[in-house]
Amino acid sequence: MTATTADAPPPDLRLPKRRGVELLLLIGAVLISVYGYAAVGLAKNGAVPPDVAGYGAGLGLLALLAHLAVRFRAPYADPLLLPIAVLLNGLGLVLIYRLDLETPKDQAAPTQLIWSTLGVALFIAVVVLLRDHRVLQRYAYLSVATALVLMIVPIFFPAVNGAKIWIRVGGFSFQPGEFAKILLAVFFAAYLAANRNALAYTGRRIWRLQLPTGRVLGPIVAIWLLSVGVLVLERDLGTSLLFFGLFVIMLYVATGRTGWIAVGLLLAAVGAFVVGSFEPHVHSRVQDWLDPFASIDAGQGPGQLAQSLFAFAAGGMLGAGLGLGHSILIGFAAKSDFILATAGEELGLTGLTAVFLLYALLVARGYRAGLALRDPFGRLLAIGLASILALQVFVIAGGVMGLIPLTGMAMPFLAQGGSSVVTNWIIVALLIRVSDQARRPQPGQVETGIIAPIARDER
Amino acid sequence: MIRYIRRAAALLLVLLVALLLNAARIQVLDADSLDNNPANRRLTIARYDQPRGNILVGGRSVTGSKNTGEQLKYERTYRNGPLYAPVTGYASQTYGTTLIENAEDSVLSGTDSMLAPFPLWNEITRSQQPGGNVVTTVKDSMQRAAYEGLGGRRGAVAAVEPSTGKILALVSTPSYDPGRLSGTGPSVTDAWERLNASKSLPMLNRAIRQTYPPGSTFKVVTAAAALDAEVVTDPDADTDTPSPYVLPGTSTTLPNEARGCEEASLAEAIRVSCNTVMADLGVRVGLKGMVDAVQKFGFNDTGLRIPSGVAKSNFDTEMTDDQLALSSIGQFDTTATPLQMAMVASAVANGGDLMRPYLVDRTTTRGGTTVHQKGSRTYHRAMNPRTAMQLRDMMVDVVENGTGSNAAIDGVTVGGKTGTAQHGIDNSGRPYAWFISWAQAPGSAQPAVAVAVVVEDAAANRADISGGGSAAPIARSVMAAALGG
């Protein structure tokens, strides 16, 4: 070893920002969406839809604006996050437009496009205005209070399709529970980042489980009560499962205590069993899951879940092709909760796998940002937000495919639903922000990889 | 914390794998059973997603398809539905299919693998071919002649070409318009209920699905059995039969409606239709001989298809002699479809060779390429050629000098046999008028047509209902149409 390495300092290390890659992927995402839009028109009407150029330009403009916001305000952000979100959103619009053709009186795609625009606008706002995610840590308790209010308000509004999760003002309706997800993730991340040592290393040991002390047991019981409360009062099994799953994952990541997981799962199992047995709305969902074809045997024709399974089966390996399936037979909620059935039927197992892998990639990039970050709050926030996406996909995809009991929940970006699409854009914006922080070169990092000359002298 | 993040990621990976495995289970492993679940509308939607192939009579299609723009897109239409209903049947989105629509459904709906350009093409591309066409053997002029001849009375006509077995006419009246059953919805269910509730049974295909006591027309079969069994060697020789005839083993006497039947010859018995002589001959042939003989004509065959199933024409196989005597003159439990009796006439006309009757000549792709050609096949040798020659002469005699004079056509060799079947308890039911006949043009080596006509005329009084009066003129016009090119 000579001193040459020390004598000639390396040129300025320029970490790749990968913004060009992002732009290319965005172009790909927009083109795929436009192609899907054209394919639907060709299959259904034998002609490319007349507004295909406008649709492509609109989507392209949104993608470009989002890209510019990222380029100037979060230049080191993960280049995969935005293109995946645009592709999923574009694909969702194609699927909704495709289903609109079957229901001339109920056009959902234009509304969805407006919500998507609003979502991208909020995405840009978050990326531009939120310069450092650690600011959020200060608003932890404000977040949880707002979240609670948002979740309680719909109880005072009439139930829609059996679930009290909607606020309707005039013709305008949204699900406040969707926004509560982000706020809760922020609160969990802040609370756990602050208390994780107390949670992890105090408490009694019973048999092989490290149980927490009573003082810190409070929050977990509160969250458990909250999710069961949501379940009972709003009859929304999906959101309840999501909150609980989110909390358990974040708690585990923060403390590493399997005991917590055991307690959490036990409580969840008890809660789910009790509610599943006694709450009629949830009970019927469980029955439907156990035997999707019961209504056929009873001579009442196939139920929604059976129709959904028929749609997936009709897709087979390669799918019927966009516009050529009959997933509209599902009827109610075909464009929202059951949108995945249309993807399954028309894109086949191949296309469905691709969609799942897109979600997996999105979640994985979130986790990757979490791994790379240094501050515990940022880590937990990244893991929490990514886990929200993952759990949502699992709960609703598993539900419509008969893997778990069906619970009403929107497939992120794909499904019709304004609150959901806006929320997911904010989640992606926050992931962009934390990934930018994670990949940004740290001050004082320049010494990395150079053996200090002093060490050699001592030897 | 990094270790725990990795473990949480591993958990999510497990969830992803679970989703993917479950997707593969539904979309690949369980796909077939889900696709074929009767509650799954997709097969039905695909079935009606393209125009159904057509059924052709005399080179012209008697069916069509119209685009309704509904979920089940194409509905069946029929040109002159009531006329051809006994041939085509119906193809309903609500009530399924019958007759040719049913028997050739795979060709008409385009699912038949033979329609595909290559083997397994449909299976691999998951597509179906345009519906193919079905070319029938029916001759339009004959079908119309028979339909108009029946004139709305309850009855049926079946006509076959003796040398090939081609069914040239198949009519049942009163008929119905199968087009009214094509679609879905209340108008269809109403029509269905009304048709099913109607006392005149318009949806019953009397020509092949209804059996009637054949009455005196069955004497042709008994005569063939007697000649083949050599119970009678000379048709013109006197038979030793008293009139009235006492049924064997009973004290019941069997009368004749005709005169001059005492010890009448076989030829005379056929010409004037003597019950006594034929009943006695049937008993002398014996149960086994009679059963063997009638089965060669197609009686007791439950598997005859044209390609739709034909109702079994019955001749009991276990009887006492008095029952055999009655059965031999087409009474007791003896029943026959009009098609069966047309086959009897055809066997006589064709020198004893009975060809298997068939209604579908060939099936083609939409473009006209033949997919499947049905050739004519021998069904049975029904009687010796010599017997057939003798019976031909006897049947010609019936038309020229006997009860069947209404069927005579100038310059054409026509053979026939009348029948009047009484039925019900103590013959209280309405009698059926029968006429079976065949015709051969002068100078032609082969007979052109064999016809069976049955008229169940509720309105007429018993004296008017006779094969010669009601049924023979219909048979005559059908035969004339057959000979008219």
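Order of the sequence lines fixes the chain letters, A, B, ..., with proteins taken first and strands second; residue numbering starts at 1 for each chain.
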(request) Measure A:Y359 against the heavy atoms of chain B and call it side chain, backbone, both or neither at under 4.5 Å. (result) neither
(message) Is A:A360 close to chain B through its backbone or its side chain, or both, or neither, when contacts mean heavy atoms under 4.5 Å?
(response) side chain
(message) For A:R368, I'd like to know if atom CZ has over 12 heavy atoms of other residues, nucleotides or ligands within 6.0 Å.
(response) no
(request) Could you tell me which portion of B:A18 (side chain, backbone, both or neither) has an atom closer than 4.5 angstrom to a non-hydrogen atom of chain A? (result) both
(request) Examine whether an atom of B:L15 lies under 4.5 Å from a heavy atom of chain A, and if so say whether it belongs to the side chain, the backbone or both; otherwise answer neither. (result) both
(message) If you apply the rule side chain to side chain contact (heavy atoms under 4.5 Å, CB included), what do you find for B:M1 with A:R379, and how did you get there?
(response) CA-CA 9 Å; B:M1 208 190 269; A:R379 271 190 174 166; 3.5 Å; yes
(request) Please flag which part of B:L12 lies under 4.5 Å from any non-hydrogen atom of chain A: side chain, backbone, both or neither. (result) side chain
(request) Kindly check if the number of other-residue, nucleotide or ligand heavy atoms within 6.0 Å of CZ (B:R6) is above 12? (result) no
(request) Might you point out which heavy atoms bring B:R25 and A:M401 nearest each other, and give the distance in Å? (result) NH2-O, 4.0 Å
(request) With rounding to the nearest 0.5 Å, note down the distance linking CD1 in B:I26 to CZ in A:F310. (result) 11.5 Å
(request) Among B:L16, B:L20, B:L19, B:D32, single out the residue with the greatest number of heavy-atom pairs under 4.5 Å to chain A. (result) B:L19
(request) Examine whether an atom of A:L309 lies under 4.5 Å from a heavy atom of chain B, and if so say whether it belongs to the side chain, the backbone or both; otherwise answer neither. (result) both
(message) For a quick test of reading the model, state the closest non-hydrogen atom pair linking B:A8 to A:Y367 and the distance between them.
(response) CB-OH, 3.9 Å
(request) Answer with side chain, backbone, both or neither: which region of A:I249 has an atom nearer than 4.5 Å to a non-hydrogen atom of chain B? (result) side chain
(message) Quick one, A:F356 and B:V17 - any side-chain contact, counting heavy atoms below 4.5 Å?
(response) no
(message) Testing the basics here: between B:Y4 and A:V253, what is the closest heavy-atom pair and its distance to 0.1 Å?
(response) CD1-O, 3.6 Å
(request) Pick one of side chain, backbone, both or neither for A:A306, based on which atoms fall under 4.5 Å of a heavy atom in chain B. (result) neither
(request) Among A:L329, A:V393, A:I404, A:T255, single out the residue with the greatest number of heavy-atom pairs under 4.5 Å to chain B. (result) A:L329
(message) If you compare all heavy atoms of B:A39 against all heavy atoms of A:P302, which two are closest, and at what distance to 0.1 Å?
(response) O-CG, 3.6 Å
(message) Quick check for you: to the nearest 0.5 Å, what is the distance between B:N37 atom CG and A:I296 atom CD1?
(response) 4.5 Å
(message) Between A:L352 and chain B, with a heavy-atom cut-off of 4.5 Å, which part of the residue counts as in contact: side chain, backbone, both or neither?
(response) side chain
(message) Closer than 3.5 angstrom, by distance alone: can the side chain of B:R42 be matched with the main-chain N or O of A:A314 as a donor-acceptor pair?
(response) no
(request) Quick one: closest heavy-atom pair of A:F312 and B:Q27, and the distance? (result) O-NE2, 2.9 Å
